[in-house]
Amino acid sequence: MIHHHPSAALLAEHASGRLTDGAGLVLACHIEGCLSCRLDLSALESAGGHFLEQMEPAPLAQGALDAALAAIAGIDESRSVSAVRPAIPRYLERFSIPPLLARQKFGGRRRVTPNVWFAPVETDSQSLTYLVHGQPGTVLPQHTHRGRELTHVLHGSFGDIGGRFAKGDFEEADGTLVHAPTVVAGSDCLCLISSDAPMLLNTRSARTIQALFGRIY
Ligand SMILES: [Zn+2]
């Protein structure tokens, strides 16, 4: 059962298309498996549609329709998403990955300690989006954020200031939260994360590792 959901404000940002691709991906992966959030999002979208219906129609710029039709005609179908769908990397084969996430392109896995690895997910350049995996009982380095950090749990669970986050749960963090998430004993944990900027680590050793690995997280 899912216990932690995105805030109403974040769902509203998603509904209006204002999130970065990475943040939108993390949220969409949660929503895909959460009936409660699907219903909330549907209500928000209906409200948005109603608002649009109330607006006065505005005239299109001259030639706008022709330009849109030309753009549609110019789409190269051989380059559609399904045609270039990348294979899921071997390190993810044993996990149940949401279809939306499975369609993304993943970078190579980087093991930063014997118990933790990171792997980048290619999205827009406005956000850092990656997978992080920890062995049972692993404590991640204490850190805070220079913006928003969104986390969706794909496998296992971790404990944090806000409680226990298990498969399907969603966590929203920002610069007001200083935390050191800990993988719950008994199972490894895999999460999808998107953040506005690299995390601000509180220990020198962790910062050194972060610098060595090119600040993907
Ligand atoms: Zn939810």
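What you are looking at is a predicted structure, and each value in this text was computed from that prediction instead of being measured. Position 1 is the first residue of the sequence; numbering continues from there. For ligands, and for the atoms within them, numbers begin at 1 and follow the listed sequence.
- No side-chain heavy atom of T138 sits less than 4.5 Å from a side-chain heavy atom of F158.
- The side-chain heavy atoms of L131 and F118, taken from C-beta on, include no pair separated by under 4.5 Å.
- Within the structure, every pair that satisfies the side-chain hydrogen bond (donor to acceptor under 3.5 Å, both in side chains) test and touches residues 178-189, not counting sequence neighbours, is listed here: R94-D188, H133-D188, H143-H179, H145-H179, H155-D188, D160-H179.
- Listed by chain and number, the protein atoms of type N/O/S under 2.8 Å from the Zn ion (ligand 1) are H5 ND1, H30 NE2, C34 SG, C37 SG; waters are omitted.
- In this structure, T144 contributes its side chain and L177 its backbone to a donor-acceptor pair below 3.5 Å.
- The shortest non-hydrogen separation linking Y130 to P120 is CB-CA, 4.0 Å.
- Although no hydrogens or angles enter the test, the distance criterion places no donor-acceptor pair under 3.5 Å between the side chain of R148 and the main chain of D196.
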